Amino acid sequence: MHLVTVGGSDAGISAALRARELDPSAEVTVVVADAYPNFSICGIPYYVSGEVGHWRNLAHRTSADLEATGMRLRLDTFATDIDVAGHRLLLRDPDGGQSSLDYDELVVGTGALPVRPPIAGLDELGAADGVHLLHTMGDTFALTDTLDRIQPKTALIVGAGYVGLEMAEGLTARGIAVTQVEMLPEVLPTVDAELGALVRAELDRHDVQVHTRTTVTRIRRASQDEGGSETGRLQVEGTDPDAEPLSWDVDLVLVVVGVRPDTDLLVRAGAQTGARGAVAVDESMATGLPHVWAAGDCVVTYHRLLGTTYLPLGTTAHKQGRVAGENALGGTARYAGSLGTQVVKVFDLVAARTGLREHEAVTVGYRPGTSQSSPDDHKAYYPGAQPISIRVTGDLDTGRLLGAQLVGARGTETAKRVDTYAVALFHQMSVDAMAELDLSYTPPLGSPWDAVQMAAQAWVRDYQLPAQQAALRSLVVR
Ligand SMILES: Cc1cc2nc3c(=O)[nH]c(=O)nc-3n(C[C@H](O)[C@H](O)[C@H](O)COP(=O)(O)OP(=O)(O)OC[C@H]3O[C@@H](n4cnc5c(N)ncnc54)[C@H](O)[C@@H]3O)c2cc1C
């Protein structure tokens, strides 16, 4: 049995590791377009900020660790085509030559590519000009080279999603004055605007100049002013909510507005696509092409509440890759589905979400209601208690928990508290039943009713208390 995986990141490596673990006699080859297998691209902002001292530290495992599991690595090797009928992968080797690799089973984890928004000048400018996109280790080295070379004093980040926010923090940590431009009404658009506003206040507190409802329309090299001195290397133009023209002179531009699935290899081989153009797979991660499986950012994501969607996340890629690796060996693993659980640290604040927001819940037929409360992370009498802003969404017809969003200071265990909601969602609990969970308590770390339970109780008070009171009255009258 020869299993070949294409892609050396979360999905491809997870598939290869699972296969070697299940059957140490399986021959496993991993084909990777670059020289950085099993690097944590999620850690890139912390290398740019300087918190991670060396780029090699971003490796989940070194190449030697991977090879010690018995897998073979083909680095700097690009898979150009799949000959499905012939069970053969066509390759462009590091020296530019062509070769091929026979397989019995193939797992494709080609991941995603950064989106290039329609900004005039973006395609003509690049790293040499101080204009960057950020997804791979190669992109990271290009960015850090620019930072070392031009020592920018000012930067403009296009996009205020989680990567844009992490990079605003990273560049600020390097002493660069950051302007952040977001087309949508609030930063971190993956949470409700009430919580996004808290993240924005944190950016303000760290002197990041935020422009929301603002679209960047053009980037060009700045011309010199009348005195002959440059005001900034790049001139960025945009329009604000009133369609008023805006202009910024900056040294560096970083465009981070999301990703799209990298599907060329599979689509050319005949695979079907689904949500957002990602490759369609079933819950076993089969593509429909014989002996070809796929996982990670290149495929659609089964969401336990929304159905099939596209949700490119490292957590998902790891799980899907593991399922694909097992099934490629003849297993019967199933991907249980995502809840879109995610978390981001922005300076001293943590923002997290799981499940659905109201507008998403409506699309799949729920009648959602949301309550917001701010319980303390631990007992107020013990020093250092801080509120966590929590929005709980539940179904008004059934009382079922649909989602939760949290923003709290770093140190309030916000990331782990969102996970309590994620577990409750996974098991289809009602909001009310969350009060029954036996959660831990000691005054410096929590409360007898944990913050997640207090927020659930706030939802019950907002939406179910009148019915509970009426039910009690009817019992007492009888
Ligand atoms: C800055 C940043 C921060 C992030 N932070 C988080 C986070 O905090 N939490 C989280 O859950 N997710 C995060 N993500 C997202 C997460 O990194 C991705 O969802 C995850 O890496 C997807 O893994 P993947 O294996 O599907 O694809 P990718 O990581 O995109 O890897 C694709 C792999 O395929 C290779 N490849 C592509 N085409 C070919 C080809 N034709 N031949 C050979 N090899 C090929 C590439 O070289 C690469 O090895 C972050 C992403 C970025 C960029």
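Small disclaimer: the values here were computed from a predicted structure and weren't measured. We count ligands from 1, going down the list as the structure has it; atoms in each ligand are counted the same way.
A salt bridge links Glu21 with Arg18: at least one charged nitrogen is closer than 4.0 Å to a carboxylate oxygen. Salt-bridge check for Arg116 with Glu124: failed, with every basic side-chain N at 4.0 Å or more from each acidic carboxylate O. Here Arg72 does not pair with Glu67 in a salt bridge; the nearest charged N to carboxylate O distance is not below 4.0 Å.
Shown in contact with Thr315 at under 4.0 Å from a heavy atom are these atoms of ligand 1, numbered in order with element: 11 (O). Short contacts between ligand 1 and Val31, defined as distances under 4.0 Å to a heavy atom of the residue, involve ligand atoms 43 (C), 44 (N). Less than 4.0 angstrom separates some heavy atom of Gly296 from each of these atoms of ligand 1: 26 (O). Of all atoms in ligand 1, listed by their number and element, those nearer than 4.0 Å to a heavy atom of Gly109 are 32 (C), 33 (C), 34 (O). Of all atoms in ligand 1, listed by their number and element, those nearer than 4.0 Å to a heavy atom of Tyr162 are 4 (C), 5 (N), 6 (C), 12 (N), 13 (C), 14 (N), 15 (C), 50 (C).
A side-chain N or O of Thr393 and one of Thr370 form a donor-acceptor pair less than 3.5 Å apart. Between the side chains of Gln405 and Asp192, at least one donor-acceptor pair of N or O atoms lies under 3.5 Å.
Around the CZ atom of Arg213, the shell of radius 6.0 Å holds no more than 12 heavy atoms that belong to other residues, nucleotides or ligands.
Within the 4.5 Å cutoff, side-chain heavy atoms of Leu195 are placed close to those of Gln372. Taking the side chain as every heavy atom from C-beta outward, Leu402 and Tyr366 approach each other to under 4.5 Å.
Note: an N/O pair closer than 3.5 Å links Asp10 and ligand 1 by distance alone.
Contacts with ligand 1 closer than 4.0 Å are made by side-chain heavy atoms of Ala317 only, the backbone lying farther away. Contact annotation for Ile41 and ligand 1: heavy atoms of both the backbone and the side chain come within less than 4.0 Å of the ligand. With a 4.0 Å heavy-atom cut-off, ligand 1 is reached by the backbone of Pro312 but not by any atom from C-beta on. The proximity of Thr77 to ligand 1, defined as any non-hydrogen pair under 4.0 Å, is limited to the backbone. Of the heavy atoms in Val6, only side-chain atoms (C-beta onward) come closer than 4.0 Å to ligand 1.
Contact annotation: Thr136 has no heavy atom less than 4.0 Å from any atom of ligand 1. Under the 4.0 angstrom criterion for non-hydrogen atoms, Tyr36 is not in contact with ligand 1.
Put simply, CD1 on Ile44 and OG on Ser49 are 12.0 Å apart, with the number rounded to the nearest 0.5 Å.
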